[in-house]
Amino acid sequence: MSKNVLIISSSPRKGGNSEVLAGAFAKGAEEAGNQVETIYLREKQYGFCKGCLACQKTGRCVIQDDAVEVAEKMHHADVLAFATPVYYYSVSGQLKTMFDRANCLFGSNYAFTDIYLLATAAENNEEAVEGTVKAVQGWVDCFERAQMKSVVFAGGVTAKGDIEGHSALEKAYQAGKGIQ
């Protein structure tokens, strides 16, 4: 059965390394017969959460910007994949802001169950991604039917294009292809 896969790409650089990693994941997911959509947060206009918690009563954010549409698409997706460069050992600010703005999903009848993290970093050691994994896992843990299905990490990539030929591209492709 085909699944609705939503990839949230949070790189501020068009064609950046995490975006290329997300593309490999998308290719695998599409080849497995799934419906795939990628949202590029750099193309969206959205502000910070105000902490008013009105979304917990209404199911929608009171701030009318692009985050409302993104959260709605997240709500209906069967699978979510978050692609991020590692900044200061955590997710990009763009992704963290989107997590905060997706607070309306908490307590809703969301569809997603499987979450994938696709991360890239200048540092090549596995410890470089630990804070990023913890940040995403913290968000996932707020949704009892959701689980972190897989983490694909590409270390040692700094400049745009450094990821070309990296073994993580195949891992991301296979992770996407494994979505059934």
Side-chain angles (χ1 to χ4, degrees), residues 2-43 70 73-74 77-99 102 105 110-143 145-180:
S2 176
K3 292 199 174 176
N4 177 7
V5 178
L6 180 66
I7 302 168
I8 308 281
S9 178
S10 68
S11 177
R13 287 193 301 194
K14 184 176 184 176
N17 295 311
S18 65
E19 193 168 291
V20 173
L21 192 62
F25 179 85
K27 182 178 179 188
E30 287 170 347
E31 286 182 11
N34 297 293
Q35 180 181 338
V36 179
E37 178 181 3
T38 301
I39 293 175
Y40 303 95
L41 292 181
R42 72 170 179 282
E43 297 174 352
V70 175
K73 288 180 181 223
M74 290 170 72
D78 300 309
V79 175
L80 296 174
F82 299 112
T84 185
V86 175
Y87 289 161
Y88 298 101
Y89 303 100
S90 192
V91 298
S92 68
Q94 294 84 339
L95 185 56
K96 174 61 170 100
T97 298
M98 193 59 234
F99 282 162
L105 300 176
Y110 56 88
F112 56 87
T113 55
D114 293 341
I115 312 289
Y116 293 80
L117 171 60
L118 312 167
T120 59
E123 284 192 45
N124 201 18
N125 62 33
E126 288 294 321
E127 294 81 32
V129 77
E130 288 176 357
T132 306
V133 172
K134 187 172 183 174
V136 175
Q137 188 65 60
W139 187 85
V140 173
D141 287 347
C142 294
F143 300 92
R145 294 190 316 268
Q147 66 171 331
M148 182 88 82
K149 188 77 170 177
S150 179
V151 175
V152 178
F153 173 61
V157 296
T158 304
K160 198 169 161 180
D162 281 354
I163 198 165
E164 293 307 320
H166 198 290
S167 61
L169 292 172
E170 179 64 20
K171 289 178 186 170
Y173 170 79
Q174 291 300 330
K177 197 156 180 75
I179 298 171
Q180 304 292 327

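Counting from 1, the numbers follow the sequence of the chain as shown.
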Considering non-hydrogen atoms only, spot the tightest contact between K177 and A32 and give its length.
O-CB, 3.3 Å

Within a 6.0 Å radius of atom OH on Y89, are there more than 12 heavy atoms belonging to other residues, nucleotides or ligands?
no

Check the angle between the aromatic planes of W139 and F99 and answer parallel, tilted or perpendicular using the 30° and 60° thresholds.
parallel

Are the side chain of D78 and the backbone N or O of N4 linked by a donor-acceptor pair below 3.5 Å?
yes

For side-chain contact (heavy atoms from CB on, under 4.5 Å), just list the numbers for E164 and V20, CA-CA rounded to whole Å, side-chain angles, deciding distance to a tenth of an Å, and then say yes or no.
CA-CA 8 Å; E164 293 307 320; V20 173; 3.9 Å; yes

Check: E19 main-chain N/O paired with Y40 side-chain donor or acceptor under 3.5 Å:
no

If you take all heavy atoms of E30 and V36, which pair is closest and at what distance?
CG-CG2, 3.5 Å

Go through T84 and S10 one step at a time and tell me if the side-chain hydrogen bond (donor to acceptor under 3.5 Å, both in side chains) criterion holds.
CA-CA 5 Å; T84 185; S10 68; 3.3 Å; yes

Is there a side-chain contact between Y116 and V79 in this structure, where contact means two heavy atoms from C-beta onward sitting under 4.5 Å apart?
yes

For atom NZ of K149, decide whether the heavy atoms of other residues, nucleotides or ligands shown that lie under 6.0 angstrom number more than 12.
no

Where G16 and S11 come nearest, the two heavy atoms and their spacing:
CA-OG, 4.2 Å

Nearest heavy-atom approach of N34 to G176 is ND2-O, 4.5 Å

Spacing of D162 atom CG and T120 atom OG1 [to the nearest 0.5 Å]:
10.0 Å

Rounded to the nearest 0.5 angstrom, the CG-CD distance for L6 and Q35 is 10.0 Å

Any donor-acceptor pair under 3.5 Å linking the side chain of S2 with the backbone of G33?
yes

Looking only at heavy atoms, which two atoms of V91 and A135 are closest? And how far apart?
CG1-CB, 4.1 Å

Approximate separation, where rounding is to 0.5 Å, of I163 CD1 and T158 OG1
11.5 Å

N17 vs H166, side-chain contact (heavy atoms from CB on, under 4.5 Å): CA-CA, chis, key distance, verdict:
CA-CA 10 Å; N17 295 311; H166 198 290; over 6 Å; no

Would you sort out whether F112 and L105 count as a side-chain contact (heavy atoms from CB on, under 4.5 Å), showing the intermediate values?
CA-CA 10 Å; F112 56 87; L105 300 176; 4.1 Å; yes

Search all heavy atoms of S9 against all heavy atoms of T38 and return the closest pair with its distance.
CB-CG2, 4.3 Å

Kindly check if the number of other-residue, nucleotide or ligand heavy atoms within 6.0 Å of CD (Q137) is above 12?
yes

Given side chains that start at C-beta, do those of I115 and Q147 come closer than 4.5 Å, heavy atoms only?
no

When you measure from the side chain of K171 to the backbone of F153, do you find a donor-acceptor pair of N or O atoms at a distance under 3.5 Å?
no

Walk me through whether I179 and F25 qualify under side-chain contact (heavy atoms from CB on, under 4.5 Å).
CA-CA 10 Å; I179 298 171; F25 179 85; 3.5 Å; yes

About how many Å separate CZ of R42 and CD of Q94, when rounded to the nearest 0.5 Å?
10.5 Å

